[in-house]
Amino acid sequence: MKNSSVWWIRVPVIFFIIIGITEYFIDSGDKPAFIEYPILLWFFVLVLLILVAIEIIIQAIEAVMFRTLDEAAQKRYLEAKSSNWEWTWGKKTYNKLLGSKPIEKEGDITLDHNYDGIRELDNTLPPWWVYMFYATIIFAVVYLVRFHIVNDYTQTEEFEQEMAQAGEEIEAYKLTAKDLVDANTVELLTDASDLSAGKAIFTANCVACHMADGGGGIGPNLTDEYWILGGGIKNVFNTVSEGGRDGKGMVAWKQILKPVERAQVSSYILAEINGKTPANPKAPEGDKWEETVE
C-alpha cells in the first residue's frame, strides 16, 4: 500500500552517524571505543532498537492517519506514495556509459544474421570499457617513460625505502608500547616517571631480599660491579623475568610483573642503586661486569 523502502536506508545511516560521533568524542587510543569500553556495545544495541521502534511508531501513526482520510484523499495519497523518486542525472549518466540501445530501437542495429530466431545485434563497445582501455594505454606510456627511460627508481630501492620507514615506525611504536618489550629489545629507561614506578616496584617486592638501599641480604648486593647472572639492562631484565639460579635464586617475576614493570624496576636498580654505597654491603658475588659498547 505504501512505499516504505526508505527506512532501511535511514536507520543504518543514523546508526552509523551515532557510532562515528561516539568514536570522535570518546578517547579510546588506538582501539575502537566499543572494544576499549564494551559497555558501548549495549548502548549501540539500545540505540538501534530505539531507531527501529521510532520507525515502527511512525508507520503505525501513518496508517492510522491514512484511515481518517476520505476516499478521494486516500486515492491521492496512494498515488503520491506510489510515485518513485528517480535520480535523473545518475540514470542518464549510467545509460550513457552503458551505451546500449533501448529495446524499441534495436531494429536500427539488427544484422541480417538469423539463427533459428536468434538475431545478432551490431552493438558497439560500452563507453566505460573504451575509457578504461584508453586509461591503460596512458598508464602504460607513463610507466614506460618513468621506469624504463628516466629510471626513476627500482623495486629494490622501493623495498629498501619501505623497510627503512617500517623500522622507524616500529621504533616509534615501541616508545608507546612498552609492554611489548623483552630481554632482546629492552633499553635502560631514564624518565623520572619510569624510575619512580621502578622504585615503587622495588620497595614492594625486592627490599626483603636485597634491602632498601640494595646492599643485599638473602639476595646479592646490587650496588657493586659484580653480577651472578650478568649486568647491564638486558641481563638484569632477563634475571628479573626468569628468576635466579635453579634451587637457590629468586623466583621468576614474569608471571607477576608486566614487561614494562620489569623494565622499570631493572632500570631503577641500574640507574639509582648500582654504584651507590649501602649501609651494610654484602660481599661481592659473581663476576665483575664491564659494559661493552657495540
Side-chain angles (χ1 to χ4, degrees), residues 27-31 35-37 163-294:
D27 184 10
S28 58
D30 296 332
K31 297 180 181 179
I35 294 180
E36 186 70 18
Y37 306 104
M163 290 298 294
Q165 181 181 355
E168 294 175 358
E169 292 175 354
I170 290 173
E171 293 302 321
Y173 178 72
K174 286 180 179 178
L175 296 176
T176 58
K178 295 178 180 178
D179 269 337
L180 296 180
V181 70
D182 58 25
N184 295 318
T185 60
V186 65
E187 295 180 358
L188 184 68
L189 303 177
T190 57
D191 289 346
S193 59
D194 289 320
L195 296 179
S196 177
K199 180 179 181 180
I201 297 168
F202 185 87
T203 302
N205 301 285
C206 308
V207 296
C209 297
H210 297 283
M211 300 302 172
D213 58 6
I218 299 174
N221 185 349
L222 301 177
T223 65
D224 56 32
E225 299 176 315
Y226 293 83
W227 297 87
I228 298 174
L229 297 175
I233 185 62
K234 296 185 185 301
N235 288 321
V236 174
F237 178 91
N238 185 68
T239 303
V240 172
S241 301
E242 305 298 333
R245 295 164 293 176
D246 293 339
K248 54 182 178 180
M250 70 175 181
V251 299
W253 288 93
K254 64 183 179 182
Q255 304 299 334
I256 303 172
L257 299 177
K258 298 178 180 179
V260 63
E261 294 174 330
R262 284 177 264 146
Q264 288 169 337
V265 72
S266 300
S267 298
Y268 172 74
I269 291 171
L270 293 174
E272 300 294 332
I273 292 181
N274 189 249
K276 300 298 191 296
T277 303
N280 297 299
K282 189 177 180 180
E285 298 177 76
D287 300 321
K288 185 175 182 179
W289 174 261
E290 293 184 1
E291 193 77 37
T292 57
V293 180
E294 297 181 356

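- Residues G244 and L229 share a closest heavy-atom pair of CA-CD1, 3.9 Å.
- For I35, the CD1 atom is densely surrounded, since the number of other residues' heavy atoms within 6.0 Å is greater than 12.
- No more than 12 heavy-atom neighbours from other residues, nucleotides or ligands sit within 6.0 angstrom of CD on E187.
- Between G217 and K282, the closest heavy-atom pair is O-NZ, 3.0 Å.
- Taken to the nearest 0.5 Å, the CD atom of E285 stands 4.5 Å off from the CD1 atom of I228.
- Counting all heavy atoms, side chain and backbone alike, G214 lies closest to T223 at O-CG2, 3.6 Å.
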Run the side-chain contact (heavy atoms from CB on, under 4.5 Å) check on L270 and I233 step by step: do they pass?
-> CA-CA 7 Å; L270 293 174; I233 185 62; 4.0 Å; yes
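- With values rounded to the nearest 0.5 angstrom, Y226 atom OH is found 9.0 Å from D287 atom CG.
- No donor-acceptor pair under 3.5 Å is formed between the side chain of N274 and the backbone N or O of I269.
- Taking CG from D194 and NZ from K199, the interatomic distance works out to 15.0 Å, rounded to the nearest 0.5 Å.
- Here the side chains of S267 and T190 are not in contact, with every heavy-atom distance at 4.5 Å or above.
- Under the 4.5 Å side-chain criterion, counting only non-hydrogen atoms from C-beta, M211 is not in contact with N221.
- No donor-acceptor distance shorter than 3.5 angstrom exists from the side chain of K254 to the backbone of E242, with no hydrogens or angles considered.
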Any chance you could lay out the side-chain contact (heavy atoms from CB on, under 4.5 Å) test for W289 and N235, step after step, and finish with the verdict?
-> CA-CA 11 Å; W289 174 261; N235 288 321; 3.2 Å; yes
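- Annotation: K258, atom NZ; neighbour count of heavy atoms from other residues, nucleotides and ligands within 6.0 Å does not exceed 12.
- Contact detail for V207 and A212: the closest heavy-atom pair is CG1-CA, 3.7 Å.
- Side-chain contact, D182 with T185: a donor N or O sits under 3.5 Å from an acceptor N or O.
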List the steps and the verdict of side-chain contact (heavy atoms from CB on, under 4.5 Å) for V181 and F237.
-> CA-CA 10 Å; V181 70; F237 178 91; 4.3 Å; yes
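- When side chains are defined from C-beta on, I273 counts as touching F202, because their heavy atoms get closer than 4.5 Å.
- Here the closest heavy-atom approach between residue V240 and residue M250 is recorded as CA-CE, 3.5 Å.
- A distance-only check finds no donor-acceptor pair linking the side chain of R262 to the backbone of S241 [under 3.5 Å].
- The side-chain heavy atoms of N205 and W253, taken from C-beta on, include a pair separated by under 4.5 Å.
- Between the side chain of D191 and the main chain of S193, no donor-acceptor pair closer than 3.5 Å is present.
- In this structure a side-chain-to-backbone donor-acceptor pair under 3.5 Å is present from H210 to P220.
- Here the shortest heavy-atom pairing between L195 and Y268 reads O-CD1, 3.6 Å.
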